[in-house]
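To start, the structure under review is shown below, and the notes come after it.
Given the structure is predicted, the values throughout are model-derived calculations rather than measurements.
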Amino acid sequence: MTEVRVSVAGVTVRFGAVAALSRVDIDVPAGERRAVIGPNGAGKTTLLNVIAGELRPTEGLVHLGEQDATPLPAWRRARLGLGRTFQRSTLFDQLSVAENVTLAVRARLHGGWRFWPARERAVNTEVEGRLEAGGIAHLARRRAAGLGHGERRILEIELALAAVPSALLIDEPMAGLSGAERRLTLERLQALPEDVTVVIVEHDLDAVFALAQRISVLDHGVKIADGTPAEVRANPRVQEVYLGAI
Amino acid sequence: MFLLAAGLSIIFGLMNVLNLAHGSFYMVGAYIAYSVVVATKSFWLALVVAPVLLAVVGAALELVFFRRVYGRGHLAQVLLTFGFTLVFVDLIRSQFGPTTRSIPPPSGLEGAVQVLGATFSAYSLFVLAVATVVGALLLVGWRSLRVGAVLRAGVEDKEMAGLLGINLPRVFTLTFAFGAGLAGLAGVIAAPEFAIYPGMDANVLILALVVVVLGGLGSIEGALLGAALVGLGYVIGTSLFPQFAIGLIFALMAAVLVVRPSGLLGRRM
Amino acid sequence: MIRGRFRAAWRPGLLAILTLALASVPMWAPRFWIYIATQALIFAIFAMSLDFLLGYAGLPSFGHAAFYGVGAYACALLALRQVDGLIPLLVVGAAAGALIAAPIGALSLRTTGIYFLMLTLAFGQMLWGLAVNWTSLTRGTDGLIGIPRPTLAGLDALNISLYERGPFFFLCLVVAILTFLLLEMLARSPFGKTLEGIRDNERRMRALGYPSFRYRLAAFVIAGSIAGIAGSLAAMSNGYATPDLLYWTVSGLALVAVVVGGARSLIGPVLGAFAVLFGQLGLSTYVPRWELILGTLFIAFVLFVPRGLVGLVRRA
């Protein structure tokens, strides 16, 4: 697996007159666990969308590894090894849980250009293993549309993991999860190979401090702090924004 | 043309319903005009009667049928309106037969007029005038009046509009009726200029769709611009290569789509 | 082993009954009804290709008749220039459908949902206009007439002529079954699952690295070529090709057949096609105001049977 550094430089995103991000620089070296935190509306998800290629920045550049990814569409960035999860679960609702994961595994192995029903033993074995590891093997045949919220969030993450990304963007994985589900999710994320670059947006600060090696703080589209968890905790501007919650 | 596209665009943009029966409303408007003119010899009466009647028909259809399928996605709505186009065409055919009808322009507007050295029929100028006036009224009403504000609230955020105490179902019915009325008006105005026949609904529906796609959905300004472009393209196309005038219009649409998939003045999808 | 497909017990049974019932038609049905059943089979092939687009790829095309009509014209033009042979003519129909579907798809697929529907409708009507106006090629509204039925080497040896109703009916039945099997195979293949993924959640598929536009375009072209095959059969069956084949109501009727029958089943559209065709041809023989009745039936169906005929079977 190649190691992929994720960096945005001078990125500004404007929606009409509103600047969702202004001149944000974030550089995540390959293999680092980076958390992006900030109050609601700070531009965290916008940042992930810019990195993933769903939003073109008004200004600025996005680099994946050594490559300038700014002009690339989302699917090409995925081919470079970038994976992501979504804040609101985005699954294939009409398909079964197993089929959901199969699509993700197949994307990596040989894509969808096979016009006959293939045996795909390798794919099936891997899918079974992944469902097992994610603790959702018992749901394999259920339709994704019929899953509960927690099950959907877990499948959301498994879909991203099944693509075996070199760099992974994770958007609020813990939102709305129960305590047990949080622990399971945290374990899954901590079990990621060391060389995977991770950018995680999360409100659950316990999870953030358990995972992240460095933390970037956004507020109103501006990066106000960037450093190790201890540095960020001590930063007075961050304390102001978070009203001492850290 | 603009009237029709505006009606379609309003219904679509505001209510998120694609109404294939819109061309039928136009056709029925033309036939009402024909009947009224044959019965009373008064074009002006038709000009009042047809839009009002169609608005009533539109409101009735919305109340009885379309209301039931709002939650069911576009396809159900489209098929429902498609069913109505079949019904309307057949009703018209059974009442008036398959032959082409026409009515004369109203008295006072039969002749030709010289403007800037070119000759126009007086009636064409009248059509132009009506379209301009209605267009201007729509624009002003859309932008400033309370109706416009209410409708826009309905489009932007259905829940918000509900919270503001706006009666959305009624607004929808009225919008639908208004769009149908506009189509009826367009039908009456077109009647002396073009042939009246069963099947006129499809031709005009397609042109209206092109206008709406060109201009951008749910945008009155877009409908205006699109209608002007299509009209112009049609005139130029007819004079250059008469058989393929419609081809030029589609080429125009294809070109616009490549550059701006959401139409010239459309919101991003 | 994990089987993704939701196995449904009713499906093979229904298929077997349908095939047997159809195969027996020439034995007992009067000539006129064999003709209608033939037309319905051709329409069923057309409707299945549309179901592949609508049900699996999630693309509501309202201009599908364009490819049907173009296939018919391509077949007619060649047949009238002394090209004989069933297979070449069907291939030409398919190629013509695919050739036209590629650019229309490339433009229309820049949009989705209802916008896609409007665009395909507009492009379909454009081709209809072309068929009416390009008189040097299409002879306008008169259409191309006097298309001979083709020959097939093996059948000639057996002294079977496709001019007879029975053999031609079986030809259509065979093509319909092959179409069903082909589309069923595609639907179960990784390609089909990819299309379903894109239908359900294009954003996610792109994030996983699937170029969704290319898959959609491929589906559009495949469906277009099958519609072209149906068009060639229609031209052979009728002996003529007229602009009516491309008219937007044909696209609409096909959509109705798919939805009335039940989308994403491939069987539903066959049932729907028979219902629509019996409605159209059957009613028009006995009652003058058939469009009125048919339109009313559609309205009722859309309002009261949202899941289609197959939905009714599933529930029962």
Do [X] and [Y] have side chains that approach each other closer than 4.5 Å (heavy atoms only, starting at C-beta)?
X	Y	answer
C:R214	A:W75	yes
A:L95	C:E196	yes
A:R114	C:S189	no
C:Y210	A:R106	yes

Toward chain C, the part of [X] with a non-hydrogen atom under 4.5 Å:
X	result
A:L159	both
A:A145	neither
A:R108	neither

### Contacts of A:H149 that satisfy side-chain hydrogen bond (donor to acceptor under 3.5 Å, both in side chains) - sequence neighbours left out
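Counting only residues at least two positions away or on another chain, A:H149 forms no side-chain hydrogen bond (donor to acceptor under 3.5 Å, both in side chains).
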#### Entry: Those residues of residues 52-67 of chain A, ordered by number, that approach chain C below 4.5 Å (heavy atom to heavy atom)
A:E54
### Task
Could you tell me which non-hydrogen atom of A:P117 sits nearest to which non-hydrogen atom of C:P190, and how far apart they are?
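Between these two residues, the closest heavy atoms are CA-CD, 4.5 Å.
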## Note on the structure
Note: C:L208 and A:A163 closest approach over all heavy atoms is CD2-CB, 4.0 Å
### Message
At under 4.5 Å between heavy atoms, what parts of residues 200-207 of chain C are in contact with chain A? List them by residue number.
### Response
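Hits under 4.5 Å: C:D200, C:N201, C:R203, C:R204, C:M205, C:R206, C:A207.
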### Query
What distance separates A:W116 CH2 from C:L182 CG, expressed to the nearest 0.5 Å?
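So the gap between those two atoms works out to 12.5 Å.
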### Task
For residues C:Y215 and A:W113, establish whether the separation of their ring centroids is below 6.0 Å.
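Yes - the distance between ring centres of C:Y215 and A:W113 falls below the 6.0 Å cut-off.
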Distance-only donor-acceptor hits, side chain of residues 218-232 of chain C, under 3.5 Å, sequence neighbours excluded:
{"residue": "C:S225", "atom": "OG", "partner": "C:I222", "partner atom": "O", "Å": "2.8"}
{"residue": "C:S232", "atom": "OG", "partner": "C:G228", "partner atom": "O", "Å": "3.0"}

